[in-house]
Amino acid sequence: MGQSELEILLEAPITVAALKSMIKLPNGETLNAASRTQTIMTAVDQEMVDDSAMVSVASEVAFFPPVTGG
Amino acid sequence: MYRSILIQADDFSLDRALTELKAQSGLAGGLCFFTGAVRNSNLDDAVGGLYLEHYPGMTERQLDQIVDEAARRWQLHGAIVVHRIGHLKPGDNIVLVAVSASHRGEAFEACEMIMDYLKTNATFWKKESIPDGHRWVEARSSDQAKATAWDA
């Protein structure tokens, strides 16, 4: 997403999908829209999750492309 | 069961890993080692080197969970996983997976499963230097298929 860190204040827990619709890429597209054309993986508190997972107000969330180690 | 999971910039030694596994995990009859090295070409381009980055904290947890999964499936005596990060040249070692078990079958299978899961579940990313500049390496669907096959 072209950014290493971003702080978002949440008043209540929300789903990963809802969070993705709040975050915009440099081209103005939301992360949610972008995930329809590319694979964007999500980790909440360092565990891989899908879009239905909940994000709490103190969660650490990471979005990244498919991994390519090994 | 003995386990050691390391993410480091430094190279590793197969000899030392063998000695460590033998010393720490008892008398195992089968020890299987896999080492991945940097290739000098990818997608028809010459590759001058790689830069590897990872998600500190999460990567160690993922590797730990992958070893847990292998230990759940096979009776293992020990497992060592070492993954390098930072700048690497063609021919350099990238990854080591070493597994010891009572017999070779378990060691072979566990080593392969750990590698297949690592390719798709551990949070590492590679950027390669090519004649035109740099590019992030894209995930291969064949790697995903290999990892998924273990879940069948």
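Labels below follow one simple rule: chain letters A, B, ... track the order of the sequence lines, proteins then strands, and each chain is numbered from 1.
For chain A, the nearby part of Y55(B) is the side chain; its heavy atoms alone come within less than 4.5 Å. Neither the backbone nor the side chain of Q144(B) comes within less than 4.5 Å of any heavy atom of chain A. Contacts between T123(B) and chain A at a heavy-atom distance below 4.5 Å involve backbone atoms as well as side-chain atoms.
Remark: R104(B) CZ is loosely packed, at most 12 non-hydrogen atoms of other residues, nucleotides or ligands lying under 6.0 Å away. Heavy-atom neighbours of E60(A) CD from other residues, nucleotides or ligands within 6.0 Å: above the threshold of 12. Shown here is D15(B), whose CG atom has no more than 12 heavy atoms of other residues, nucleotides or ligands within 6.0 Å.
Using a 4.5 Å heavy-atom threshold, the side chains of E128(B) and Y51(B) count as separate. Contact check for L31(B) versus L18(B): side-chain heavy atoms found under the 4.5 Å cut-off. Two residues are said to be in side-chain contact when any heavy atoms from C-beta on lie closer than 4.5 Å; E60(B) and I7(B) meet this criterion.
The stretch residues 44-53 of chain A places D45(A), Q46(A), E47(A), M48(A) near chain B, each with some heavy atom under 4.5 Å from a heavy atom of that chain. Proximity to chain B at a heavy-atom threshold of 4.5 Å picks out nothing from residues 11-20 of chain A.
Between H77(B) and Y2(B), the distance separating the two ring centers is not shorter than 6.0 angstrom.
Side-chain contact of T59(B) with H54(B): a donor-acceptor pair under 3.5 Å is present, judged by distance alone. S21(A) and T30(A) share no side-chain donor-acceptor pair at under 3.5 Å.
The closest donor-acceptor contact from the side chain of K119(B) to the backbone of G69(A) lies under 3.5 Å.
Considering only heavy-atom pairs separated by less than 4.5 Å from chain A, the leading option among V97(B), L52(B), N121(B), D143(B) is N121(B).
The two atoms that bring L21(B) and A79(B) nearest to each other are CD1-N, 4.0 Å, heavy atoms only.
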